[in-house]
Amino acid sequence: MKNGKIGVTTENIFPVIKKFLYSDHEIFLRELISNAVDATQKLKTLSSMGDVKGELGDLTIRVAVDPEARTLTVTDRGVGMTADEVDRYINQIAFSGAEEFMAKYKDQAIIGHFGLGFYSAFMVSDKVEIFTKSCREGAKTVHWSCTGTPEFEMEETDEEHDRGTTIVLHLSEDSAQYAEESTVEGLLKKYCRFLPVPIAFGKVKEWKDGKYVDTDKDNIVNDTDPLWTRKPAEITEEQYKEFYRELYPMSDEPLFSIHLNIDYPFHLTGILYFPKIHNNFEIQKNKIQLYSNQVYVTDQVEGIVPEYLTLLHGVIDSPDIPLNVSRSYLQSDANVKKISSYITRKVADRLQELFNTMRSDYEAKWDDLKIFIQYGILTDEKFAEKAQDLMLWKNTEGKYFTPKEYTGKVKENQTDKNKTVVFLYVDDPVSKHSFLEAAHCKGYDVLVMDGQLDNHYVNWYESKNKDTRFVRVDSDVVDKLIQKEENVKMSLTEAQQEILTPVFESQMPKDDKIHYHISFEAMSPDEAPVVITQNEFMRRMKEMARMGGGGMSQFYGQMPDDFTIAVNGNHPIVADILADAEKAYGDKLKSITKKIDAAVAEEKRFDEVVKDKKEEDMTPEEKSTREELSKKIVTLRDERNERLRAIGGENRLVKQIIDLALLTNGMLKGKNLSDFIQRSISLIEK
């Protein structure tokens, strides 16, 4: 028997291993089985080169648990180890058997570093035992054990042991779950489901006499020949779909797949799928699984895959992606950047192929594809260069156009007086139907922009195409959506607008979260008497803020919604309301208006007299006169407005046409909607 100390530089190495070697303790099982796969692959290589004689036999790796004894055992029939090799690979932690082997046998699929991987077992164990026998002739069985201190025991015995290595973990009390079948089976499916060597965990069970019983057949938990390792030419479309269902059992069928396969200047294989994205695309991230030689590493692939492609699902397998000890976090590396560029190009090429060869199929899938391409354009400049011409815009008739095609379609009719092409759009054709119809009556074409990233995309497009502008149909009255030279004349004078403003203000909706203001617009008499609009810029900024736009968008996100109650100055009903207000006020309206006009004229004359004087040069008398004149105007206007608001508050017609506009926008709810219905009935009865 040999006694000794493990070759480490500190007595405190084991507490460090237990706490910090891996961020996730469950990874120990992946590491142990990866080592077993390594040992098996080494044996195959040695056999193929004639260094190992005879039949290799069954190479299945076996995993077993014993809940009562609180043990977990991993057994392989790989190369095994001699006492010298155990001394080097186990007792000297930093030495990697895999590195030495790779130097000798290049281009073989060896997973990683034996030493550190093995020591992950101490994160969950009070004691670890190794029983191993080398594949070399005359080798003896070696037994090694350690209780999680730098002391170990190792001896060569004549005890019979099959070729290969058995590792027995005597699990600590707080890791007893790793001796439970269900826990271990879950970990095997997560980390080992595609390893290239068969892994058996117990026996296949069958239902017999009212219960499940073991059969003689091994329960193989992994697929040793996953789809991405095969040649694309040998795979059918249905097999791609079946593999997707295997990876994501509860998901909808994917839109299409991309097979990755490159050997130079780096090694990369994999299959990526474009899934159907539903409401919140954020929750769809982290669905790409990263493998290294078929060993599961992580689903945090932001460092390898461009951000927008983290929305994709599938598998990437590359031994050239550098990983730290935990295999969970990616290091900055030139290969990673090359891989990222390759994947971007491959995705863009696949989209271009679909667009060029199957335009109708591309259009049919567009509503689901749109978010990927928009996200890519917004976050990846190189992808934007390739994909901007693959964008499609859909109009309200359900027809699809590239931006270039659509610009050609609408340019003649939808260019404003400043030579800017205006793209009108609607976010909800049903709720904004009246605005949509008004635009159609003008002969305008309208796009449907109802996606999560549309606001960000139209901002991006406007920044790249200076002579274009997107305008939502409810952002202004129809005659001002695309301003041409010919303008409709307003029949209301400024004085009449001043009289009507407090009348309409008296019936404005009251809401702490929404600001309303009144404007009078020159519209066709056939248009609605009142239209409620929302400024394009402010609304867009607020919606982007809700999507997490950051910066100024966050500032806009804190501001209340702002709507304009646009009164149609040419509508007969508005003229009737003006007449009713003037009649209700009586002769006193003309009298107070004359007083206001006189006070305003007097203020203008005074301003003309003192216009060349600075504030500090004005006499106290002049300052007092200016203040009195201003106060007089305010007092007279307040008096008139107070009376007009009282008159407006009693005018059910004012309330009715404002409520009609709110109803058109889907903004009339609850008690206000009930009151509107009752008022409508009473007005009809009259």
Side-chain angles (χ1 to χ4, degrees), residues 1-2 29-66 71-91 95-102 104-105 108-115 117-118 121 128-146 152-169 188 192 195-203 216 218-222 224 293-295:
M1 177 178 288
K2 176 179 179 179
L29 186 59
R30 180 192 74 184
E31 295 300 310
L32 294 181
I33 293 178
S34 295
N35 288 338
V37 170
D38 252 356
T40 307
Q41 300 287 60
K42 288 178 184 179
L43 182 71
K44 289 180 181 177
T45 301
L46 293 172
S47 176
S48 68
M49 300 179 72
D51 291 353
V52 172
K53 309 297 182 186
E55 292 296 320
L56 298 182
D58 182 13
L59 295 178
T60 302
I61 296 166
R62 300 185 181 278
V63 181
V65 293
D66 186 336
T71 61
L72 186 150
T73 303
V74 177
T75 300
D76 68 68
R77 297 189 68 252
V79 288
M81 290 181 284
T82 64
D84 285 345
E85 287 168 334
V86 172
D87 200 35
R88 284 195 298 161
Y89 301 156
I90 301 296
N91 299 337
F95 197 91
S96 170
E99 281 186 359
E100 182 182 300
F101 188 82
M102 283 294 286
K104 188 174 180 182
Y105 304 104
Q108 302 299 322
I110 306 303
I111 291 165
H113 301 254
F114 187 87
F118 166 73
V128 178
E129 291 185 277
I130 301 174
F131 299 89
T132 184
K133 184 178 180 182
S134 173
C135 60
R136 296 179 186 178
E137 284 187 39
K140 288 190 172 185
T141 299
V142 180
H143 176 223
W144 180 96
S145 68
C146 180
F152 68 88
E153 291 182 356
M154 184 173 76
E155 63 177 334
E156 285 188 325
T157 72
D158 293 324
E159 183 182 319
E160 273 302 309
H161 189 281
D162 197 3
R163 177 199 70 222
T165 301
T166 296
I167 296 176
V168 182
L169 308 188
L188 290 171
C192 308
L195 283 172
V197 177
I199 300 162
F201 182 56
K203 300 294 182 180
D216 294 332
D218 284 334
N219 177 34
I220 303 298
V221 297
N222 59 319
T224 59
N293 289 325
Q294 297 172 231
V295 180

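The first residue in the sequence is number 1, and the count goes up from there.
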| field | Residue pair Q294 / T224: nearest heavy atoms and the distance that separates them | value | NE2-O, 3.5 Å

| query | What distance do T165 atom OG1 and D76 atom CG have between them, rounded to the nearest 0.5 Å? | reply | 5.0 Å

| field | Side-chain donor-acceptor pair present, T82, D84, cut-off under 3.5 Å | value | no

| With a 4.5 Å heavy-atom cut-off, do F201 and V65 have their side chains touching? | yes

| field | Under 3.5 Å: donor-acceptor pair, side chain of T71, backbone of L169 | value | no

| query | To the nearest 0.5 Å, what is the distance between CD (Q41) and CG (L195)? | reply | 9.5 Å

| Between R163 (side chain) and L56 (backbone), is there a donor-acceptor pair under 3.5 Å? | yes

| query | Can you tell if the side chain of T132 reaches within under 4.5 Å of the side chain of V86, non-hydrogen atoms only? | reply | yes

| message | I want to check something: taking the side chain as every heavy atom from C-beta on, are V142 and M81 in contact at a cut-off of under 4.5 Å? | response | no

| task | Mind listing the closest non-hydrogen atom pair of A36 and T40 along with its distance? | result | O-OG1, 2.8 Å

| field | Gap separating the CD1 atom of I61 from the CG atom of N222, nearest 0.5 angstrom | value | 8.0 Å

| side-chain contact (heavy atoms from CB on, under 4.5 Å) assessment of T73 paired with D66 | CA-CA 9 Å; T73 303; D66 186 336; over 6 Å; no

| Nearest heavy atoms of L43 and V79, plus distance in Å | N-CG1, 3.4 Å

| field | Check against side-chain contact (heavy atoms from CB on, under 4.5 Å), D218 and K203 | value | CA-CA 5 Å; D218 284 334; K203 300 294 182 180; 2.7 Å; yes

| message | To the closest 0.5 Å, what do you measure between CD1 (I220) and CZ (R62)? | response | 6.5 Å

| task | Measure across M154 and A83 and return the closest heavy-atom pair with its distance rounded to 0.1 Å. | result | CE-O, 3.8 Å

| said: Could you measure the distance from the NE2 atom of H143 to the CD atom of E153? Nearest 0.5 Å is fine. | reply: 8.0 Å

| query | Would you call D58 and R77 a salt bridge, using N to O less than 4.0 angstrom? | reply | no

| query | Going by the angle between their ring planes, with limits at 30° and 60°, are W144 and F118 parallel, tilted or perpendicular? | reply | perpendicular

| request: Drop me the distance from H161's NE2 to S134's OG, to the nearest 0.5 angstrom. | output: 12.5 Å

| said: For a salt bridge (charged side-chain N to carboxylate O under 4.0 Å, His left out) check, start with the C-alpha distance between D158 and K140, then their side-chain angles and the critical distance, and finish with the verdict. | reply: CA-CA 6 Å; D158 293 324; K140 288 190 172 185; 3.7 Å; yes

| What do the steps show when you test L29 against L72 for side-chain contact (heavy atoms from CB on, under 4.5 Å), and what is the final call? | CA-CA 9 Å; L29 186 59; L72 186 150; 4.0 Å; yes

